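Note: hydrogens, waters and symmetry copies are ignored here, and every other heavy atom, side chains too, is used. Here the structure is a predicted model, which is why all the values come from computation and not from measurement. Throughout, a chain's letter reflects where its sequence line sits, starting with A, and its residues are numbered from 1.
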Amino acid sequence: MMNDFSTVSKTSDRRLQLEKRSQFLQRLRAFFYQRQVLEVDTPMLSQGATPDVHLRSLSSWLQVPGERERQEYFWHTSPEYPMKRLLCEGSGDIFYLGKVFRDGDLSPRHQIEFTMLEWYRVGFSLQELIDEVLELINQLLPKPRSVQQLSYRQAFAEFAGVEDIFRANAEQCRTCLQLNKVPEIVGVDEDDKPLWEQLILTEVIEPQLGQGVITVLKDFPARDAALALIDPQNPEVAERFEVFVDAMELANGYHELADAGLYRQRFEESLAQRSQLGLPPVPLDEKLLQTLTEKSLPDCCGVALGVDRLLMLQQGERQIEAVIPFGVQQA
Amino acid sequence: MATVSTNEFKNGLKFLMDGQPCTIVDNTIVQPGKGQAFNRVKYRNLMTGRVLEKTFKSGEKVEAADVMDTELQYLYTDGEFWHFMDAESFEQYQAPESAVADVAKWLIEQDMCVVTLFNGQPISVIPPKQVTLEIVETDPGLKGDTAGTGGKPATLSTGAVVQVPLFVQIGEKVIVNTEKGEYVSRAK
């Protein structure tokens with residue numbers, strides 16, 4: 001039987017914090033149970049890791065009976081790969097609600113170990129998934145908010161005064177940062193346009209997103225597609241979106257790439273980038289690649305949402321540590 | 001020269017920026033889900049006291065600054081320099097006016113102070129949190145007014161001026177909070 005929290009007296013702030021978190025997790029699950037989306041608790045440890053240059057996987061060396069040497073396994077940075085294997089095998093709509101790990105990420109809105117909600121909807125268009133994400137967020141925020149949807153290009157025009165970011169050069173990006181009084185940036189090559197562009201996004205645009213509304217940013221450049229499909233109508237952009245509330249990124253979703261060959265190609269590109277940057281190589285998730293080849297991924301859309309961040313917004317907290325039992329430095 | 005990577009950035013870390021010693025007062029990691037990480041850093045220039053902001057690409061390195069806080073005994077001033085001594089090694093240091101500008105009025109001979117050394121030279125001084133000083137000048141207050149509701153300026157033996165209650169008289173010793181420059185109580 002579920003606890004009736006309303007009858008529990010406020011014994012302490014700690015107890016109250018735990019109750020709020022517990023209720024919150026229950027409501028997330030209820031949202032998906034109601035829609036017949038199946039909960040899956042995919043493994044956190046895997047022989048393959050994400051090759052994404054911006055994510056650092058933690059690893060552990062496992063003693064596997066029959067093996068002379070200990071085997072390196074990686075803690076997942078998201079449950080994406082095993083979930084996609086399940087989708088290939090015909091699981092239908094699924095969600096994961098649990099811990100993921102990203103080494104080195106620690107700030108008022110980051111923890112190295114944090115709680116992620118990731119779900120996949122078979123046969124959904126990207127807009128249908130966006131609508132579902134918005135419904136979930138609005139159910140959990142203290143007050144429902146109106147929605148602002150705009151393309152990556154529009155965001156640069158509206159919030160940073162860059163008319164067409166796809167055609168702008170590095171110098172125009174640097175000028176934009178100056179005009180917007182962004183403090184000096186150290187360590188970026190003068191002509192590294194993608195990075196200057198990223199800085200406009202994080203330093204100028206993002207602080208203005210989701211202020212009093214929920215902002216959905218869509219049509220990211222194809223370069224940032226990761227594992228999203230390229231828009232068949234416009235090869236310049238990827239079918240990918242991000243959701244912002246109070247200037248904080250809450251969710252990141254894709255119309256999922258299905259072609260096994262393209263998966264390998266994008267993974268190999270990331271590995272090449274890693275070696276260029278002097279980052280250690282990682283073993284690819286060959287089991288995912290094999291499944292994608294043999295069974296093929298159904299047409300689907302998927303999204304990952306930062307659970308601790310949404311709880312922060314619900315509770316009006318500014319620090320992620322206020323909504324979790326212990327931060328990593330207290331663990 | 002030793003370098004420090006942005007991975008090691010934390011509040012209080014000392015580094016060199018344009019040859020000047022600085023200390024980090026706020027370090028926020030900006031980590032987009034899919035993108036290059038940056039460190040948004042607020043730092044205080046220890047020479048000027050000014051707080052500045054810069055954003056470093058993660059993995060960038062800065063030069064470490066040879067800055068350390070050390071407890072030294074204040075000896076005396078000759079008008080040009082303020083002299084301090086390490087009570088254990090008896091090594092003496094002379095601080096220029098720029099290092100004591102804001103705090104000279106709280107320096108009392110023999111008191112232990114926290115002195116920040118940059119390349120072995122004092123660049124700033126923190127006096128004890130509370131000091132006891134004699135009142136050398138103040139309006140005579142009303143006798144019997146012990147409620148302490150009003151206040152009046154009083155000049156102390158070091159030249160510092162603080163607001164004191166009306167009942168405090170010339171010649172009395174008072175305890176003063178040096179951070180706020182405020183009267184705390186009469187000294188017993």
Between [X] and chain B, which part of the residue has a heavy atom less than 4.5 Å away: side chain, backbone, both or neither?
X        : value
A:Leu199 : side chain
A:Asp105 : side chain
A:Ile185 : both
A:Glu184 : both

### Task
Assess A:Arg102 against A:Phe114: is NZ or CZ under 6.0 Å from the centre of the six-membered ring, and within 45 degrees of the ring's axis?
no
### Message
Cation-pi check for A:Phe220 against A:Arg240: NZ or CZ below 6.0 Å from the six-membered ring centre and within 45 degrees of the axis, yes or no?
### Response
yes
Would you check if the distance from the ring center of [X] to the ring center of [Y] is below 6.0 Å?
X        : Y       : value
A:Tyr96  : A:His76 : yes
B:Phe84  : B:Tyr76 : no
A:Trp119 : A:Phe95 : no

#### Entry: Residue selection (most heavy-atom pairs with chain A, distance under 4.5 Å) from B:Lys61, B:Gln36, B:Arg40, B:Glu53
B:Gln36
#### Entry: Segment of B:Glu60 engaging chain A (4.5 angstrom heavy-atom cut-off)
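Side chain only.
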### Task
Compare all side-chain heavy atoms of A:Val204 with those of A:Phe159 and state whether any distance is below 4.5 angstrom.
no
### Message
I need the residue from A:Gly306, A:Gly104, A:Gly187 with the largest number of non-hydrogen atom pairs under 4.5 Å to chain B.
### Response
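Greatest number of close heavy-atom pairs with chain B: A:Gly187.
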### Query
Based on non-hydrogen pairs under 4.5 Å, which of A:Leu201, A:Leu195, A:Val53, A:Asp224 is most in contact with chain B?
A:Leu195
